[in-house]
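Heads up: the structure comes next, in structure tokens.
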Amino acid sequence: MEPITINNLTFAYPGQTPLFKDCDLNLSSNWKLGLLGRNGRGKTTFFKLLQHQLEYQGQVQTNLRFGYYPFAVTDPEDFVWNNLSNMAPHLEQWQVERELNLMQTDPALLWQPFNTLSGGEQTRIMLAALFAQEGLFPLLDEPTNHLDQAGRTLIAQYLKHKKSGFIITSHDQTFLDQIIDHTLVIEQHQLVLAKGNYSNYFAQKQRRDSTAINTNEQLLKDIHHLKQLRQTKQQWAHQAENEKKNNSHADKGFIGAKAAKMMKKSTIMKVRLDKAIEERQGLLQEVEKIVPLTINLQPTHHQTLLSIDKLSLSFPGRCLCNDLSIKVANHEQIVLCGNNGTGKSSLFQAILGDFTGTQDGQITIGSKLKISVVRQNYLDNHGSLREFAENNKLDYDTFLNLLRKLGMARTTFNVPIEQMSMGQQKKVELARSLAQPAHLYLWDEPLNYLDTYNQEQIIKLIQEVRPPMLIIEHDKHFIDHVATRKVLI
């Protein structure tokens with residue numbers, strides 16, 4: 001067992017409020033630790049601080065040698081094994097194949113170009129390469145992204161049976177519950193370390209939030225009462241002053257003394273009430289809130305918006321899908337299900353006219369229909385939010401309002417998109433789709449990188465508005481709550 005000892009850790013990006021301030025932690029390398037928190041709270045930053053990739057104040061002490069997922073691929077067009085050899089020259093092929101076999105994954109993937117692998121296959125390859133290296137302590141940043149349900153189950157079993165510890169981030173509660181034994185949660189103004197899995201933490205947080213909400217309600221009532229009392233006292237003093245000014249026949253000395261006495265008493269009372277109000281406002285606790293989202297859905301007279309008839313997609317030597325037929329009607333939310341590599345994302349590319357492989361069959365889109373897309377890969381989003389909005393013809397205020405509803409801090413609005421966290425970049429991609437006027441939505445794994453609060457926002461929006469959608473997603477909770485129909489590819 002090797003400890004990770006953190007003392008007085010403070011870190012902030014330039015021009016932003018601190019993500020960590022005077023933090024003290026003692027972690028163990030034996031733990032299977034879940035690192036949790038809302039997007040933009042600093043989970044990926046915490047991983048970078050452990051690896052001393054950022055300058056910080058305080059101390060991070062450990063003898064561990066960290067390995068990070070996902071790692072950079074030097075040449076995506078080269079074979080997988082060549083990329084792994086460049087990343088870790090000491091790595092033996094049999095070691096990687098051993099880990100792939102434990103994940104029930106064909107080692108033949110090692111001899112395919114890396115960019116021909118599906119997102120889920122790339123995930124398994126990277127995890128295998130990481131755990132195959134002896135002496136590394138893994139830092140796993142969102143490995144459930146791009147994994148299908150079967151893949152998530154396999155990876156969960158793989159990690160569950162690992163004897164060594166690791167730190168992992170994910171927003172898939174079911175997945176985390178199967179593997180982690182401790183949680184480290186980055187909440188709004190504190191780090192909460194606890195023993196147990198995600199459900200244990202969430203149950204404790206719900207109890208804390210319930211208590212905080214009840215306390216806040218009572219404090220707000222007290223504050224309201226105190227403000228009313230302060231206003232009443234001030235009115236008495238003003239009445240006495242007005243009596244002095246308006247009563248020309250009364251004893252000016254007596255009325256003046258009375259007014260002065262009332263004014264002095266009012267001033268003293270105001271100071272006391274201001275202090276009482278300030279004290280109660282200081283006791284108010286911050287509770288995470290879910291704000292309803294909006295979507296710029298345009299009405300259409302089309303009953304069938306998209307028709308796919310006997311579609312087949314393939315790359316040289318690899319068939320993706322065959323003889324596929326789907327119709328998307330108005331107010332339908334169809335979820336495409338199936339294992340990684342069966343061509344779901346390629347189907348979206350074919351609908352949009354961007355598929356580069358061989359395509360047979362017919363795709364018919366209703367005339368003059370506008371399609372809005374959430375993509376898996378959105379690294380081409382860059383620049384300021386204002387520039388992004390202008391380039392995508394978005395109403396800037398609507399766009400920013402959606403980002404705020406998704407939980408993005410106003411301080412982040414001045415950060416270039418490419419410098420945002422992956423969760424924040426995903427919110428930019430999602431907010432763009434929600435703000436665009438559209439008749440039909442193609443969303444490719446919209447939940448990737450989004451925290452559970454955002455996931456619930458999206459579910460409620462779809463349930464209430466029922467926009468026509470074709471969705472690729474592997475999260476069972478999401479599918480069960482939004483799908484009017486499932487199509488297995």
Donor-acceptor pair, side chain of [X] and main chain of [Y], under 3.5 angstrom:
{"X": "Ser372", "Y": "Ser433", "value": "yes"}
{"X": "Asn377", "Y": "Leu379", "value": "yes"}
{"X": "Gln359", "Y": "Ser312", "value": "no"}
{"X": "Glu55", "Y": "Phe11", "value": "no"}
{"X": "Asn82", "Y": "Asp78", "value": "no"}
{"X": "Lys344", "Y": "Gly338", "value": "yes"}
{"X": "Asp451", "Y": "Asn454", "value": "yes"}
{"X": "His182", "Y": "Ala194", "value": "no"}
{"X": "Gln349", "Y": "Thr356", "value": "no"}
{"X": "Asn39", "Y": "Tyr449", "value": "yes"}

How about [X] and [Y]: does a side-chain donor come under 3.5 Å of a side-chain acceptor?
{"X": "Ser199", "Y": "Gln173", "value": "yes"}
{"X": "Asp444", "Y": "Gln376", "value": "yes"}
{"X": "Glu142", "Y": "His171", "value": "yes"}
{"X": "Glu121", "Y": "Thr105", "value": "no"}
{"X": "Tyr69", "Y": "Thr123", "value": "yes"}
{"X": "Thr144", "Y": "Ser170", "value": "yes"}
{"X": "Arg375", "Y": "Asn381", "value": "yes"}
{"X": "Gln425", "Y": "His382", "value": "no"}

Within the 4.5 Å heavy-atom criterion, are [X] and [Y] side-chain neighbours or not?
{"X": "Val192", "Y": "Thr183", "value": "no"}
{"X": "Ile462", "Y": "Arg466", "value": "yes"}
{"X": "Gln149", "Y": "Ile479", "value": "yes"}
{"X": "Leu434", "Y": "Ile295", "value": "yes"}
{"X": "Leu293", "Y": "Leu406", "value": "yes"}
{"X": "Glu473", "Y": "Trp443", "value": "no"}
{"X": "Leu385", "Y": "Val428", "value": "yes"}
{"X": "Leu305", "Y": "Asn330", "value": "yes"}

[atom1]-[atom2] distance between [X] and [Y], expressed to the nearest 0.5 angstrom:
{"X": "Thr358", "Y": "Arg318", "atom1": "OG1", "atom2": "CZ", "answer": "14.0 Å"}
{"X": "Thr74", "Y": "Asn83", "atom1": "OG1", "atom2": "CG", "answer": "4.0 Å"}
{"X": "Asp172", "Y": "Ile155", "atom1": "CG", "atom2": "CD1", "answer": "12.5 Å"}
{"X": "Arg432", "Y": "Leu402", "atom1": "CZ", "atom2": "CG", "answer": "12.0 Å"}
{"X": "Gln362", "Y": "Asp309", "atom1": "CD", "atom2": "CG", "answer": "7.5 Å"}
{"X": "Cys321", "Y": "Leu488", "atom1": "SG", "atom2": "CG", "answer": "11.5 Å"}

Self-check item: Stepwise side chain to side chain contact (heavy atoms under 4.5 Å, CB included) test for Phe315 and Phe355
Solution: CA-CA 10 Å; Phe315 286 115; Phe355 183 63; 3.7 Å; yes

Where do [X] and [Y] come nearest, in terms of heavy atoms and distance?
{"X": "Pro107", "Y": "Leu100", "answer": "CA-CD1, 3.9 Å"}
{"X": "Ala88", "Y": "Gln133", "answer": "CB-OE1, 3.6 Å"}
{"X": "Val60", "Y": "Leu50", "answer": "CG1-CD2, 4.0 Å"}
{"X": "Ala156", "Y": "Gln178", "answer": "CB-OE1, 3.7 Å"}
{"X": "Leu147", "Y": "Arg152", "answer": "O-NE, 3.0 Å"}

Residues [X], [Y]: salt bridge by 4.0 Å N-O rule:
{"X": "Asp480", "Y": "Lys476", "result": "yes"}
{"X": "Glu429", "Y": "Lys426", "result": "no"}
{"X": "Glu99", "Y": "Lys162", "result": "yes"}

Quiz item: Is the Phe66-Phe47 ring centre distance short of 6.0 angstrom?
Solution: no

Self-check item: Close aromatic pair by centroid cut-off 6.0 Å: Phe20 and Tyr56
Solution: no

Quiz prompt | Check against side chain to side chain contact (heavy atoms under 4.5 Å, CB included), Leu130 and Leu140 | solution = CA-CA 10 Å; Leu130 194 60; Leu140 310 178; 3.6 Å; yes

Quiz item: Which is it for His331 and Gln303 under the side chain to side chain donor-acceptor pair (under 3.5 Å) test, yes or no, and what are the steps along the way?
Solution: CA-CA 9 Å; His331 306 302; Gln303 293 304 308; over 6 Å; no

Exercise. I would like to know whether Asn296 and Gln298 meet side chain to side chain donor-acceptor pair (under 3.5 Å); could you show each step before the answer?
Key: CA-CA 6 Å; Asn296 197 357; Gln298 302 296 297; 2.8 Å; yes

Quiz item: Can you list the steps and then say if Phe388 with Phe399 is a ring-ring contact (aromatic ring centres under 6.0 Å, His included)?
Solution: CA-CA 10 Å; Phe388 180 82; Phe399 179 54; 5.7 Å; yes

Practice problem: Take Phe131 and Tyr158 through the ring-ring contact (aromatic ring centres under 6.0 Å, His included) test and state the conclusion after the steps. | Solution: CA-CA 11 Å; Phe131 280 96; Tyr158 172 76; 5.6 Å; yes

Quiz item: What's the verdict on side chain to side chain contact (heavy atoms under 4.5 Å, CB included) for Phe137 and Leu139, showing C-alpha distance, side-chain angles and the deciding distance?
Solution: CA-CA 7 Å; Phe137 183 80; Leu139 305 175; 4.1 Å; yes

Self-check item: Trace of the side chain to side chain donor-acceptor pair (under 3.5 Å) decision for Thr412 with Gln16
Solution: CA-CA 8 Å; Thr412 310; Gln16 299 185 44; 4.6 Å; no

Quiz item: Checking side chain to side chain donor-acceptor pair (under 3.5 Å) for the pair Glu445/His474: CA distance, chi angles, key distance, verdict?
Solution: CA-CA 7 Å; Glu445 299 194 15; His474 303 296; 3.2 Å; yes

Exercise. Starting from the C-alpha separation in whole Å, work towards a yes-or-no answer on side chain to side chain contact (heavy atoms under 4.5 Å, CB included) for Leu117 and Gln112.
Key: CA-CA 8 Å; Leu117 271 57; Gln112 289 184 212; 3.6 Å; yes

Practice problem: Could you check whether the rings of Trp111 and Phe79 sit parallel, tilted or perpendicular, using 30° and 60° as the cut-offs? | Solution: perpendicular

